[in-house]
**Student:** 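Here's a structure for you.
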Amino acid sequence: MNESGLIYLLWSDLVGMTRTRGVPLRDYERRLESGLGWARAGQAMTPFEHLADNPWGPMEEVRQIPDADTRFEIPAMSDYPALHAVICDSRPAPGVEWGACVRNFCRTAIADLKAETGLDLIAAFELEFLLQADNFVTEAPFSFAAAALQHRFLTALEQMLSAAGVAPETVEPEYGRGQYEISCRPRAALKAADAALISCEISREAARRHGLRASFSPKPTPDHVGNGSHIHFSLADSQGRNVTGGGPGPLGLGEVAAKFCAGILAHMDALLAITAPSPVSYHRLGPHHWSTGYRCIGVNNREAAVRVMPGISRDPDTAAKGFNIEIRAADCTASPYLAVGVLARAGLEGIRKALPLPPPAEIDPAEMTEAAREEAGITELPTSLDAALEALKGDEVVRAWFPDELFESFLSIKNWEADYAKSTAPEQLFARYRHAY
Ligand code: GLU
Ligand code: MG
């Protein structure tokens, strides 16, 4: 109660950025009920210093109301004070939902899936990022040298994540020069999105404390390896059993999970506008980069947008627990809440309509003949933000998932970003996104 210091009230917005207002820690308890005010128009912020056209006037407000369960602390380190934070829901008033709140969008999608199917969505993000500093030295891909070089940072990162209640599954160097990765642990899907937000912010903070900069931009420069934010998910029944696998089909998927994946594939082009929502996202996506360029599913296929990952164990029960699906066409310019929300909605749509699963890609889809791709229903993913936005606008099913004010302000922001990209020199464009994310 009498603690000194600040606690930051955090909320994630439509461009996947964490915004904040701070209050003295000693006032935290009294902020729990009705939070702090925030102009609704703020939800139309682009990643830069620009507010996109939006439906809200100068007097319209929401409250940023802390979800006390999400409170976390980054411990003090040398001359850095401890950092306290809590994630908020944006609400017109306590207990009232706001259609443009991304956390609300995610929560209601998961709740509808549960209400109609009895299934819980479990998810985990894999977050790739680029470390940078003046005179930054890099080592070979995946090498112990690359880990050892950043051992102080990586050790602090693991400690900070664990102290914040989001202990990672793995922390390691990736393929790119200066590229590293955190794999989050599987959690109930809303918590998984919270964990993604916290993990990204802690990575940035750990980097700051070590004289580094962490960027999650999907393509930090044209020459760097892309940063994905692969989203793993599984479906659990009311006993908590993983029912994602266990089917007789060629992909080993359970019956409901197959329909769930079919729903995602059916709406994939539109979903891309949500999961890969920036102009630079489309410099990352494409064949032969393991980032995915084709709308298809495959067992362990890193070139497929939807990758089926059977669990690995000698023991069939343990293997069944690990069975999961990975969505590779996602990056950190996406709101983790919107991304999880649309996956839940698309999956539910597949279940409702009992959509059939198309045949799997058994090799790199880029290596298949055009005729073979056509036969398997494998198509190229949208190759620009404009194309993905067109797909989103053209998909009436997906459109219906969004309250009007959320959809319209999202489109307004994204149209602005697409135009900004056209009128900006590539070097500056990459730099702006690299700094913003
Ligand atoms: N960096 C790749 C991407 O952009 C993913 C590499 C991997 O982890 O398989 O998605
Ligand atoms: Mg990776």
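First listed ligand is number 1; within each ligand, the first listed atom is number 1.
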**Student:** Taking only heavy atoms of E174, which atoms of ligand 1 are found under 4.0 Å from at least one of them?
**Tutor:**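 So the atoms of ligand 1 that pass are 6 (C), 7 (C), 8 (O).
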
**Student:** Name of the E181 N, O or S atom nearest the Mg ion (ligand 2)?
**Tutor:**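 Within E181, restricted to N, O or S, the Mg ion (ligand 2) is closest to atom OE1.
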
**Student:** Please indicate whether any nitrogen or oxygen in H289 is less than 3.5 Å from any nitrogen or oxygen in ligand 1.
**Tutor:** no

**Student:** Mind checking what makes side-chain hydrogen bond (donor to acceptor under 3.5 Å, both in side chains) contact with T117, not counting sequence neighbours?
**Tutor:** none

**Student:** Could you pull out, from H224, E128, R307, the option with a heavy atom nearest to atom 2 (C) of ligand 1?
**Tutor:** E128

**Student:** Evaluate N227 for polar contact with ligand 1, using N/O atom pairs at a separation under 3.5 Å.
**Tutor:** no

**Student:** Among all protein heavy atoms in this structure, tell me which lies nearest to atom 4 (O) of ligand 1, with the distance rounded to 0.1 Å.
**Tutor:**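 Closest protein heavy atom to atom 4 (O) of ligand 1: R284 NE, 2.8 Å.
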
**Student:** Crowded around E255 CD? As in, over 12 foreign heavy atoms under 6.0 Å?
**Tutor:** no

**Student:** Is the ring pair F216/F129 parallel, tilted or perpendicular, if the boundaries are 30 and 60 degrees?
**Tutor:** tilted

**Student:** Considering only non-hydrogen protein atoms, determine which one is nearest to atom 9 (O) of ligand 1 and report residue, atom name and distance to 0.1 Å.
**Tutor:** R328 NH2, 2.8 Å

**Student:** Any idea which atoms of ligand 1 are less than 4.0 Å away from a heavy-atom of S291?
**Tutor:** 3 (C), 4 (O), 10 (O)

**Student:** Look only at interatomic distance and state if G226 has a nitrogen or oxygen under 3.5 Å from any nitrogen or oxygen of ligand 1.
**Tutor:** yes

**Student:** Does the plane of the ring in F407 sit parallel, tilted or perpendicular to the ring in F402? Use 30° and 60° as the thresholds.
**Tutor:** tilted

**Student:** Determine, for D404 against R399, whether the closest basic-nitrogen to carboxylate-oxygen distance falls under 4.0 angstrom.
**Tutor:** yes

**Student:** Would D89 and R107 pass as an ion pair if we require N to O under 4.0 Å?
**Tutor:** yes

**Student:** Using a strict threshold of under 4.0 Å (side-chain N to carboxylate O), is an ion pair present between E349 and R352?
**Tutor:** yes

**Student:** Check all N, O or S atoms of E128 and name the one closest to the Mg ion (ligand 2).
**Tutor:**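 The atom in question is OE2.
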
**Student:** Between R432 and E49, is there a salt bridge with N-O shorter than 4.0 Å?
**Tutor:** yes

**Student:** Which atom name would you report as the N, O or S atom of E174 nearest the Mg ion (ligand 2)?
**Tutor:**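 This turns out to be OE2.
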
**Student:** With only distance considered, is H230 within less than 3.5 Å of ligand 1 through an N or O on each side?
**Tutor:**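 Yes, at least one N or O pair falls under 3.5 Å.
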
